[in-house]
Amino acid sequence: MEKVVLFGSKQNLVGILSVPDKKTAELQPGILIFNAGLIHHIGPFRMSVVLARSLEQIGFPVLRFDFSGIGDSGKCSEALTDEQRVREEYRAATELLTRYCRCEQFILIGLCSGADNSHLLMKGDPRIRGIVPIDGYAYPTLEFLIRDYGPGVINPRKWVKHGIRLLKKITQEGKKTSSVADLKINQMEIYERKFPPKSFVITALNERLADGMKAFYIYSGGIPVYYNYTNQFWDMFKRVRNKTNLRCNYYREADHTFSDVTIRRRLIADIVSWCSQFS
Amino acid sequence: MQPFFFGSSQQQLFGIIYSPHLENDCGKGIVICQTVWQEYIRARHATCQIAQSLADAGFHTILFDYYSTGDSSGECGEATADRLSDDIKTAIDELCDSTGIVTFGLIGIRFGAALAARCCRNHGLNPFAAAFWDPVTSGADYIQQLKISKTSTGPDKTAKINSISGFPVTPEQISSIETVDEKKWFIDNADQFLALFSLSENKKMWEQVTSRQNEQNTRLLPGSDGGWCETDASGKVVIPKDVIREILSYFSRKDD
């Protein structure tokens with residue numbers, strides 16, 4: 001069963017709460033599905049809706065919602081930093097899941113900025129028992145660099161192409177038109193991803209994995225600027241302990257938003273299967 | 001702003017009603033008929049802004065998801081064109097029942113314009129005003145446009161699943177959409193509504209269909225960020241301030 005919810009301290013956050021019919025749902029972790037970039041809570045290609053309904057079918061309460069200023073949710077009226085705002089709205093979301101479904105533990109799922117938010121939040125909340133960051137943080141390894149730069153080094157045409165691109169960038173700097181500026185959402189900043197130092201992420205992961213949290217990292221082939229081979233995750237996070245609580249899938253043929261229906265269905269099935277270990 | 005489910009309990013539709021403040025309530029409503037598939041996602045933030053702006057101007061406004069889209073029930077590919085068009089009537093009835101208004105206007109975005117026209121024709125509706133944004137008049141032309149757009153994935157490589165711009169579709173759904181042809185309705189009623197275009201090729205196509213050029217109630221407002229169907233890494237959205245301003249101005253004038 002799905003319920004529309006309006007929550008948050010200003011009642012400005014819109015979400016859909018999926019409540020399973022089974023009584024045992026009261027003991028399940030609640031699942032939160034975060035916004036992917038600026039796309040509202042249905043997710044790219046309605047992915048979050050299908051995922052939420054699939055998880056509900058196996059007994060999980062799920063909340064998909066919009067952070068303030070995104071999708072259907074109203075803007076945040078307080079002067080908070082982005083991190084403060086995310087933490088506050090996450091707190092409201094978990095309170096809602098606790099109130100409606102008696103959830104005491106949570107699993108966070110997010111793509112792109114949603115992955116970043118799940119990383120941010122996992123550090124401070126021991127109730128988070130699982131995270132599924134999709135196209136989350138990634139860091140270069142030797143093999144990544146060889147795969148990224150290698151073809152260019154041995155192909156002179158790539159040097160010419162890079163040179164032309166650099167020249168265009170230099171000559172077109174400052175020629176942005178006001179119509180492009182108009183496309184910003186009422187002066188709201190377009191989300192820019194900044195990865196924290198790898199050591200921060202490793203430290204946080206080590207702490208949380210040690211207390212039993214599990215993580216399912218997913219990468220697509222749509223982010224070759226920072227992830228470009230299957231085992232990159234294990235190579236970049238060599239210093240992470242408790243790897244038995246870690247899983248990683250690389251969907252090389254997928255783009256960043258999983259626009260291919262077949263691959264997207266496989267992604268959803270894999271996430272549902274991974275989550276089923278918590279029930 | 002009040003989000004809620006409405007319609008039949010077995011096939012509920014998701015909607016949001018944006019209500020005006022009491023002191024500037026003009027007693028009229030507006031139903032926003034969204035487009036579909038990737039275009040719907042691209043325009044979602046703009047439609048929310050349009051709805052809020054209209055409410056601030058005094059109109060009770062409903063924004064809703066058709067069956068099998070957005071948060072409404074149903075799976076992608078299930079809904080036929082008739083079902084989508086009938087959902088508009090359901091939304092109109094819901095807005096009138098919830099707010100007490102009897103006079104309503106329509107906004108049709110892309111294929112939502114054709115669906116709105118079909119709804120008016122099928123149910124004998126007479127909105128007090130209507131605004132259309134890059135309107136599609138023919139389902140067959142629309143499907144053709146989408147199939148050749150750069151983000152159309154076509155049949156998935158690994159299985160026999162048809163899809164259009166990343167959304168699974170069924171042959172029945174496509175056939176029903178291809179039968180939508182509201183050119184005559186748009187030609188007959190061209191004087192009655194506002195037509196806005198973000199892309200000049202859409203305006204040219206419109207002028208060919210309606211055989212009218214440089215009409216007072218037709219505007220080209222370029223500046224949108226690329227095509228309607230594009231997907232990109234950051235999920236950039238279409239927020240054309242000029243379009244929102246024109247729509248607001250148009251309905252405010254019609255209310256006077």
Side-chain angles (χ1 to χ4, degrees), chain A residues 2-6 11-12 14-16 35-50 52-53 64 66 69-74 111-113 135 177-180 182-186 188 190-193 222-223 225 253 255-266, chain B residues 1-6 12 14-16 37-38 40-42 44-49 51-52 63 65 68-73 75-77 151-153 155-169 221-226 231-242:
Chain A
E2 287 187 332
K3 293 167 64 73
V4 180
V5 290
L6 197 57
Q11 294 288 289
N12 62 328
V14 175
I16 306 292
N35 293 112
L38 301 170
I39 297 171
H40 81 298
H41 59 266
I42 71 166
F45 306 99
R46 212 183 179 216
M47 190 187 331
S48 301
V49 175
V50 178
R53 290 175 180 170
R64 58 186 190 270
D66 291 320
I70 297 177
D72 299 333
S73 289
L111 183 151
C112 191
S113 65
D135 283 351
T177 63
S178 61
S179 64
V180 171
D182 277 347
L183 296 171
K184 302 290 189 210
I185 307 170
N186 290 334
M188 181 177 126
I190 300 293
Y191 180 76
E192 282 182 32
R193 298 191 81 184
I223 45 164
V225 290
E253 63 278 25
D255 57 31
H256 181 54
T257 51
F258 290 82
S259 62
D260 184 283
V261 174
T262 311
I263 299 170
R264 193 163 69 243
R265 285 180 178 172
R266 188 154 37 99
Chain B
M1 169 185 59
Q2 186 57 49
F4 63 113
F5 283 125
F6 65 101
Q12 52 189 13
F14 173 78
I16 306 179
W37 299 321
Q38 180 59 16
Y40 155 86
I41 294 196
R42 287 267 283 166
R44 180 59 179 208
H45 201 93
T47 50
C48 288
Q49 292 214 322
Q52 186 61 65
L63 181 61
D65 293 334
S68 79
T69 73
D71 286 312
S72 292
S73 58
E75 309 216 346
C76 289
T151 60
S152 176
T153 57
D156 283 339
K157 298 183 194 68
T158 53
K160 301 287 180 205
I161 301 171
N162 283 317
S163 64
I164 281 193
S165 44
F167 289 82
V169 295
L221 298 167
S224 280
D225 186 16
T231 57
D232 56 56
S234 62
K236 266 200 297 244
V237 295
V238 173
I239 309 292
K241 286 187 180 175
D242 289 342

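Chain letters run A, B, ... following the sequence lines, proteins first and then strands; every chain starts at 1. Atoms considered below: every heavy atom in the structure, side chains included; atoms not considered: hydrogens, waters and symmetry mates.
At a threshold of 4.5 Å between non-hydrogen side-chain atoms, the residues A/S259 and B/Q38 do not count as touching.
Of the listed residues (A/Q11, A/E253, A/K3, A/R64), the one with the most heavy-atom contacts under 4.5 Å to chain B is A/R64.
Legend: residues meeting side chain to side chain contact (heavy atoms under 4.5 Å, CB included) with A/V4, ordered by chain and number and at least two apart, are A/I16, B/P3, B/F5, B/F14. Remark: A/H41 pairs with no residue by the ring-ring contact (aromatic ring centres under 6.0 Å, His included) rule, at least two apart or across chains.
With a 4.5 Å cut-off on non-hydrogen atoms, B/Q52 does not touch chain A at all.
Atom CZ of A/R46 and atom OG of B/S72 lie 7.5 Å apart (nearest 0.5 Å).
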Report task. Take A/I42 and B/I41 through the test side-chain contact (heavy atoms from CB on, under 4.5 Å) and record every step on the way to the result. Result -> CA-CA 9 Å; A/I42 71 166; B/I41 294 196; 4.2 Å; yes
Query - Pair A/E2-B/D71, side-chain contact (heavy atoms from CB on, under 4.5 Å): steps then yes or no - result: CA-CA 9 Å; A/E2 287 187 332; B/D71 286 312; 5.7 Å; no
Query - Stepwise side-chain contact (heavy atoms from CB on, under 4.5 Å) test for A/D72 and B/R44 - result: CA-CA 9 Å; A/D72 299 333; B/R44 180 59 179 208; 2.8 Å; yes
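In plain terms, the two heavy atoms of B/Q2 and A/L6 that are nearest each other are OE1-CD2, 4.4 Å. Smallest separation of non-hydrogen atoms from A/G71 and B/C48: O-SG, 3.7 Å.
Using a distance-only test at 3.5 Å, with no hydrogens or angles considered, a donor-acceptor pair links the side chain of A/R264 to the main chain of B/G166.
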